[in-house]
Amino acid sequence: MVPGAAQAQVDDRINRIETQLRALQRVVFPGGDERFFEPEITAAPGQSQVRQPGTTSGTALTDMLVRLDAIEAQLTRLTASTEVNDNALSLLEARIVAMEERAALAQQPTGVINMPADRPADQPAALASADQPQQPASAAATAATTAAAGPTPERLAGVQAITKPATDDAGDDEYTYGFRLWDAKFYPEAQQQLALFVERYPDHWRTTYGRNLLGRAFLDAGDARRAATHFFENYQSDKQAARAPDSLLYLAESMIALGDTSRACIALAEFGDTYPALATGRLQAQYDANRGRVDCAN
């Protein structure tokens, strides 16, 4: 006979796990009921089998422990399946947002950079707005074709292979995931992820990094116009932030890519005046390289 206390403990453990399993199964199969549960749970290969109706087994405690092992194994598999489904849904949402953004961009007029009208009092007005050369029609057609075609299976597999960290700092996890997507050159996915991070965590210490990297994700994807907007916003929001000087240099680089030498020179001059230590230190190579690409003498 099984001691009454031991059997009660096992019964409580089984009931608790079965309750958790039903709750998790309702998440995976919304609207489900007992019809989703098989009458008997079969242990995984290599494990002891659960007693089938009409058969006998060892002690009652042994039967309950075998049943408990099978339930825990199924709960583990179901939890893993839920995580996979959640990740797949997130990637699908990222694809939809990226496609909508590309479609909206293709419909926008290309005569003026979409930068904020408000600016600090000491910010040169020339950095706020200026006419820009139109993008080639072929570039817009290529973007529209890419958006309509959607990502390839190889690309989806590559994105799914990039893991999102899970630490006690959710904001840093969001930024790091965006960085990993950018570093792997999945620029549309990185744009969506970094924009989400900036929106959800506007006061996080990583936000200045997120805005700057968001601009780089557009610049590296060949969209200098939208990249300039994010660089400008990051610099304008807090000139003393960790990545504000980087954004000002990348703003100049975006202007060079757009063929706007005047604004590029203004941004470079602003950088030299505002960050003289960085102009001869950490960012000297980038600063000198950008100055070498434009003639600011006139």
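All heavy atoms count here, side chains included; hydrogens, waters and symmetry mates do not.
- In this structure, a donor-acceptor pair under 3.5 Å is absent between the side chains of E270 and Y275.
- With sequence neighbours left out, the salt bridge (charged side-chain N to carboxylate O under 4.0 Å, His left out) criterion links D183 to no other residue.
- D169 meets the side chain to side chain donor-acceptor pair (under 3.5 Å) test with H204; sequence neighbours excluded.
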For this session: Would you sort out whether R226 and Q191 count as a side-chain contact (heavy atoms from CB on, under 4.5 Å), showing the intermediate values?
Result: CA-CA 11 Å; R226 296 187 69 179; Q191 293 162 12; 5.8 Å; no
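- The pair D246-R282 counts as a salt bridge, with a side-chain nitrogen and a carboxylate oxygen less than 4.0 angstrom apart.
- Residue pairs meeting the disulfide (SG to SG under 2.5 Å) criterion with at least one member in residues 212-270, sequence neighbours excluded, are C265-C296.
- In this structure, K185 has no salt bridge (charged side-chain N to carboxylate O under 4.0 Å, His left out) partners at least two apart in sequence or on a different chain.
- Rounding to the nearest 0.5 Å gives a distance of 11.0 Å between CD of Q286 and CG of L278.
- Between G272 and Y287, the closest heavy-atom pair is CA-OH, 3.8 Å.
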Problem set entry | Stepwise side-chain contact (heavy atoms from CB on, under 4.5 Å) check, L213 with Y175 | CA-CA 9 Å; L213 192 59; Y175 167 78; 4.0 Å; yes
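- The hydrophobic cluster containing L196 does not contain V198, counting ILVMFWY residues as joined when their side-chain heavy atoms lie under 4.5 angstrom apart, directly or transitively.
- Scored by the side chain to side chain contact (heavy atoms under 4.5 Å, CB included) test, P165 finds D173, T176, Y177, R180 as partners (sequence neighbours excluded).
- Not a single salt bridge (charged side-chain N to carboxylate O under 4.0 Å, His left out) links R293 to another residue, sequence neighbours left out.
- The side chain to side chain donor-acceptor pair (under 3.5 Å) search around R155 returns E189, not counting sequence neighbours.
- Taking OG1 from T274 and CD from Q240, the interatomic distance works out to 8.5 Å, rounded to the nearest 0.5 Å.
- Relative to the six-membered ring of F218, R216 misses at least one condition, a distance below 6.0 Å or an angle of at most 45° to the axis.
- Evaluation of the side chain to side chain contact (heavy atoms under 4.5 Å, CB included) rule for A257 yields A224 as partners, not counting sequence neighbours.
- Of all heavy-atom pairs spanning R211 and S237, the tightest one is NH1-OG, 3.4 Å.
- For the pair L251 and Y235, the minimum side-chain heavy-atom distance is 4.5 Å or more.
- For A184, the side chain to side chain contact (heavy atoms under 4.5 Å, CB included) partners two or more places apart in sequence, or in a different chain, are I162, F186.
- Atom OG of residue S247 and atom NE2 of residue H230 lie 11.0 Å apart, to the nearest 0.5 angstrom.
- A salt bridge links E174 and K164; the closest N-O separation between the charged side-chain nitrogens and carboxylate oxygens is under 4.0 Å.
- Looking at L283 and F271, their side chains come closer than 4.5 Å, going by heavy atoms from C-beta outward.
- Among pairs with a residue in residues 163-220, none fulfils disulfide (SG to SG under 2.5 Å), at least two apart in sequence or across chains.
- Of the possible polar contacts, one joining the T207 side chain to the Y201 backbone as a donor-acceptor pair under 3.5 Å is found.
- Sorted by first and then second residue, the ring pair (Phe, Tyr, Trp, His ring centres under 6.0 Å) pairs with a member in residues 239-269 read F231-Y250; sequence neighbours excluded.
- The side chain to side chain contact (heavy atoms under 4.5 Å, CB included) check on T208 picks up N234, A241, A242, R243, with sequence neighbours excluded.
- One hydrophobic cluster holds both L214 and W205 under the rule that ILVMFWY side chains link at heavy-atom gaps under 4.5 Å.
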Problem set entry | Pair E253-L249, side-chain contact (heavy atoms from CB on, under 4.5 Å): steps then yes or no | CA-CA 6 Å; E253 188 171 327; L249 276 185; over 6 Å; no
For this session: List the steps, then state whether side-chain contact (heavy atoms from CB on, under 4.5 Å) holds for L181 with L194.
Result: CA-CA 9 Å; L181 289 168; L194 291 167; over 6 Å; no
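- Contact record, D295 with T261: O-CG2, 4.0 Å, taken as the closest heavy-atom pair.
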